[in-house]
K.L.:
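Next up is a structure, given as structure tokens.
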Amino acid sequence: MLIKFKNREHEKFYEQCLERTRRFDPYHKAFFYTMGISGETRKHIEDVFNFQDDVIRREGLNRGWQTSGSSCLTRLAFNLWNGWNEDGFATPYDLFSTSDAGYMLEAIRIRYPEYCREVPAPGMGEAR
């Protein structure tokens, strides 16, 4: 699967985190892809992920560096990790009001590749 990265820093962060955890499953891939979209979330990855225990740090969502955009990315990453929606603000309405929405959709594709295949266009004569 070809992954679309926002920039070289995003791709490098993603690769480094996967190597650091030595886990290459869809949970880790989607989480680190999402957290790598923004420079701020990359910079503060240790606030939201415990590499030693391989778990998310929910308290990282309340850190002072979080902005509306970074909290959207963090919430999506947490939700893709384990379905997290503890605060009730991890819905599409809450999350996709950012210029990074296209990359956030890419994270969903990474997490759920079996459900995100191209949908064939309707053929001639089919009802629309």
K.L.:
Does NZ or CZ of Arg111 lie under 6.0 Å from the centre of the six-membered ring of Tyr27, at an angle within 45° of the ring axis?
P.N.:
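Yes, a cation-pi geometry.
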
K.L.:
Considering residues at least two apart in sequence or located in another chain, which fulfil the side chain to side chain contact (heavy atoms under 4.5 Å, CB included) criterion with Gln52?
P.N.:
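For Gln52 the side chain to side chain contact (heavy atoms under 4.5 Å, CB included) partners, ignoring immediate neighbours, are Asn50.
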
K.L.:
What is the minimum heavy-atom distance between Phe49 and Arg57, and which atoms define it?
P.N.:
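Heavy atoms only, the tightest pair is O-NH1, 3.9 Å.
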
K.L.:
Might you confirm whether atom CZ of Phe96 has over 12 heavy atoms from other residues, nucleotides or ligands at distances under 6.0 Å?
P.N.:
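Atom CZ in Phe96 is crowded, with more than 12 foreign heavy atoms closer than 6.0 Å.
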
K.L.:
Heavy-atom count around Tyr115 OH within 6.0 Å, excluding the residue itself: above 12?
P.N.:
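Not more than 12 within 6.0 Å, no.
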
K.L.:
Group every Ile, Leu, Val, Met, Phe, Trp and Tyr by side-chain heavy-atom contacts under 4.5 Å, then state whether Phe89 and Met35 land in the same group.
P.N.:
no

K.L.:
Provide the closest heavy-atom pair for Thr41 versus Gly36 in the form atom of the first, atom of the second, distance.
P.N.:
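Scanning both residues, the minimum pair turns out to be OG1-N, 4.5 Å.
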
K.L.:
Please report the closest heavy-atom contact between Arg109 and Ile3, naming both atoms and the distance.
P.N.:
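Here Arg109 and Ile3 meet closest at NH2-CA, 4.1 Å.
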
K.L.:
Which atom names give the shortest non-hydrogen contact between Val48 and Phe78, and what distance separates them?
P.N.:
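Taking every non-hydrogen atom into account, O-CE1, 3.7 Å.
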
K.L.:
Just verifying a value: how many Å separate Ser38 OG and His44 NE2, rounded to the nearest 0.5 Å?
P.N.:
9.0 Å

K.L.:
Could you walk me through whether His10 and Asn7 pass the side chain to side chain donor-acceptor pair (under 3.5 Å) check?
P.N.:
CA-CA 5 Å; His10 182 198; Asn7 52 40; 5.3 Å; no

K.L.:
Who pairs with Asp87 by salt bridge (charged side-chain N to carboxylate O under 4.0 Å, His left out), at least two apart in sequence or on another chain?
P.N.:
Arg75

K.L.:
Please round to the nearest 0.5 Å and tell me the distance separating atom NZ of Lys43 and atom CZ of Phe13.
P.N.:
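Here the interatomic distance stands at 13.0 Å.
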
K.L.:
Please report the C-alpha distance between Glu40 and Thr67 in whole Å, then the side-chain angles of each, then the deciding distance to 0.1 Å, and finally whether the side chain to side chain donor-acceptor pair (under 3.5 Å) criterion is met.
P.N.:
CA-CA 9 Å; Glu40 279 302 300; Thr67 64; over 6 Å; no

K.L.:
Restricting to non-hydrogen atoms, name the atom on Gln66 and the atom on Leu61 that form the minimum distance, rounded to 0.1 Å.
P.N.:
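Heavy atoms of Gln66 and Leu61 come nearest at CG-O, 3.4 Å.
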
K.L.:
Do you know the tightest heavy-atom contact between His28 and Trp81?
P.N.:
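Taking every non-hydrogen atom into account, NE2-CH2, 3.3 Å.
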
K.L.:
When the ring centroid of Tyr33 is compared with that of Phe5, is the distance short of 6.0 Å?
P.N.:
yes

K.L.:
Please determine whether a side-chain nitrogen of the Lys or Arg among Glu9 and Lys12 lies less than 4.0 Å from a carboxylate oxygen of the Asp or Glu.
P.N.:
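Result for this pair is no, no salt bridge flagged.
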
K.L.:
Step through it carefully: locate the ring centre of Phe51, locate the ring centre of Phe32, and say whether they are under 6.0 Å apart.
P.N.:
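Yes, close enough.
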
K.L.:
Rounded to the nearest 0.5 Å, how far apart are CG of Asn82 and CZ of Phe31?
P.N.:
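Interatomic distance, Asn82 CG to Phe31 CZ, rounded to 0.5 Å: 9.5 Å.
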
K.L.:
Is the shortest distance from a Lys or Arg side-chain nitrogen in Arg63 or Glu46 to a carboxylate oxygen in the other one below 4.0 Å?
P.N.:
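Here Arg63 does not pair with Glu46 in a salt bridge, since their nearest N and O are not under 4.0 Å apart.
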
K.L.:
So that I can tick it off, tell me whether Glu86 and Arg58 are bridged by a salt bridge, with the cut-off set at under 4.0 angstrom between side-chain N and carboxylate O.
P.N.:
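A salt bridge is present here (some side-chain N lies under 4.0 Å from a carboxylate O).
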
